[in-house]
Amino acid sequence: AQTVTQSQPEMSVQEAETVTLSCTYDTSESDYYLFWYKQPPSRQMILVIRQEAYKQQNATENRFSVNFQKAAKSFSLKISDSQLGDAAMYFCAYLTMGSNYQLIWGAGTKLIIKP
Amino acid sequence: EPEVTQTPSHQVTQMGQEVILRCVPISNHLYFYWYRQILGQKVEFLVSFYNNEISEKSEIFDDQFSVERPDGSNFTLKIRSTKLEDSAMYFCASSPRGWGVETQYFGPGTRLLVL
């Protein structure tokens, strides 16, 4: 069975600085998707970025980028120019493929932005 | 931009009572999901639904749970006889068929408290 591990329960960063959140996963599948979701205090789950496993190029969305290392089964999120609005829980998630689509979630990392 | 909506935002109920959580997925989406997040724990998959039937369900989704698409827009989760441990945030999500099926868009959640 697939598992997702986020080893950093909490991270803090100074506003305008760069921070990297770690995520590792375990799978025997070769084709899958990985996601980072953001959950602010409102607790809504907001999609930040996604990565297709078959693509070698790392996904980028404005200030958010990933470092996808397929062989190492690592999927880290880099947030550049951190802003106060980035403060939230960040969840890494793995999507099982095949006939059914099911997200498997990490435990989350709480990101604190220091003004 | 289309959004997944959920009602109510908060629900307080007595143990043993039935609750129905409602979701309106994005209009052209055909895959629907329910997840739950107990406070301080990982997000957990409950069930996926496609073509008017359950595609996949987790061990959590026992006989106390049921899902329904009563009309062309709503997707509901029913808990027949709530337990204290059902207290959680319940998220509905949807994804389109075909291109983009791998990306699930989440509603704002319903916070369920069972007393």
Side-chain angles (χ1 to χ4, degrees), chain A residues 1-10 23-27 29-55 59 61 66 68 75 88-110, chain B residues 1-6 9-10 23 25-26 29-51 53-61 87-113:
Chain A
Q2 295 83 7
T3 58
V4 177
T5 302
Q6 293 179 252
S7 59
Q8 305 154 317
E10 186 175 296
C23 173
T24 58
Y25 58 95
D26 190 27
T27 185
E29 296 178 331
S30 59
D31 188 23
Y32 49 88
Y33 289 80
L34 295 162
F35 300 85
W36 280 97
Y37 282 88
K38 168 184 174 181
Q39 188 180 44
S42 66
R43 297 194 72 185
Q44 175 147 14
M45 204 65 78
I46 302 166
L47 176 66
V48 175
I49 199 166
R50 75 173 204 183
Q51 174 77 43
E52 296 89 334
Y54 63 85
K55 286 189 177 179
E61 284 288 338
V66 299
F68 173 50
F75 182 60
M89 285 290 290
Y90 285 81
F91 292 93
C92 177
Y94 172 103
L95 183 76
T96 62
M97 299 298 291
S99 59
N100 299 300
Y101 307 101
Q102 176 184 149
L103 284 169
I104 298 167
W105 299 78
T109 296
K110 182 178 180 180
Chain B
E1 187 173 328
E3 294 180 334
V4 177
T5 60
Q6 290 185 243
S9 58
H10 294 77
C23 169
I26 294 173
H29 286 188
L30 297 178
Y31 287 87
F32 314 119
Y33 313 84
W34 284 102
Y35 292 84
R36 79 172 184 189
Q37 184 185 30
I38 296 171
L39 189 63
Q41 297 187 21
K42 286 187 178 186
V43 178
E44 301 170 294
F45 169 79
L46 292 178
V47 66
S48 60
F49 190 88
Y50 171 71
N51 199 25
E53 60 183 25
I54 291 174
S55 302
E56 183 81 22
K57 60 182 181 179
S58 70
E59 292 177 354
I60 302 166
F61 195 88
S87 294
M89 192 78 161
Y90 287 80
F91 292 102
C92 173
S94 69
S95 62
R97 182 182 177 184
W99 186 87
V101 67
E102 67 285 348
T103 301
Q104 297 177 19
Y105 296 89
F106 284 76
T110 293
R111 192 171 303 201
L112 176 66
L113 178 61

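Each chain gets a letter, A, B and so on, in the order the sequences are listed, and its residues count up from 1. Quick note: numbers below take in every heavy atom, side chains included, and nothing from hydrogens, waters or symmetry partners. These numbers were taken from a predicted model, which means no experiment stands behind them.
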(message) Is A/Tyr37 in contact with chain B via its backbone, its side chain, both, or neither, using a 4.5 Å heavy-atom distance?
(response) side chain
(request) Give the member of B/Gln104, B/Glu44, B/Arg111 that has the highest number of heavy-atom pairs under 4.5 Å with chain A. (result) B/Gln104
(message) For B/Tyr50, which atoms come within 4.5 Å of any heavy atom of chain A: side chain, backbone, both, or neither?
(response) neither
(message) One pair to check against ring-ring contact (aromatic ring centres under 6.0 Å, His included): A/Trp105 and B/Phe91. What are the steps and the verdict?
(response) CA-CA 13 Å; A/Trp105 299 78; B/Phe91 292 102; 8.0 Å; no
(message) For chain B, which candidate among A/Arg43, A/Gln6, A/Met89, A/Glu52 shows the most heavy-atom pairs at distances under 4.5 Å?
(response) A/Arg43
(request) Under 4.5 Å heavy-atom distance to chain B, tell me which part of A/Gln39 shows up: side chain, backbone, both or neither. (result) side chain
(request) Measure the CD-OG1 distance between B/Glu56 and A/Thr96 for me, rounded to the nearest 0.5 Å. (result) 7.5 Å
(request) Answer with side chain, backbone, both or neither: which region of B/Gln6 has an atom nearer than 4.5 Å to a non-hydrogen atom of chain A? (result) neither
(request) Go through the atoms of B/Thr103 and report whether side chain, backbone, both or neither lie under 4.5 Å from a heavy atom of chain A. (result) both
(message) At a 4.5 Å cut-off on heavy atoms, which part of A/Leu103 comes close to chain B: side chain, backbone, both, or neither?
(response) both
(message) The criterion is salt bridge (Lys or Arg N to Asp or Glu O under 4.0 Å); which residues satisfy it with B/Glu3, sequence neighbours excluded?
(response) none
(request) Determine yes or no for a side-chain-to-main-chain donor-acceptor pair under 3.5 angstrom, with B/Tyr105 supplying the side chain and A/Ile46 the backbone. (result) no
(message) Just to verify, what does A/Tyr33 make a ring pair (Phe, Tyr, Trp, His ring centres under 6.0 Å) with, not counting sequence neighbours?
(response) none
(message) Testing the basics here: between B/Gly107 and A/Gln44, what is the closest heavy-atom pair and its distance to 0.1 Å?
(response) C-NE2, 4.0 Å
(request) Nearest 0.5 Å please: distance from the NZ atom of B/Lys57 over to the CD atom of A/Gln102. (result) 13.5 Å
(message) For B/Glu59, I'd like to know if atom CD has over 12 heavy atoms of other residues, nucleotides or ligands within 6.0 Å.
(response) no
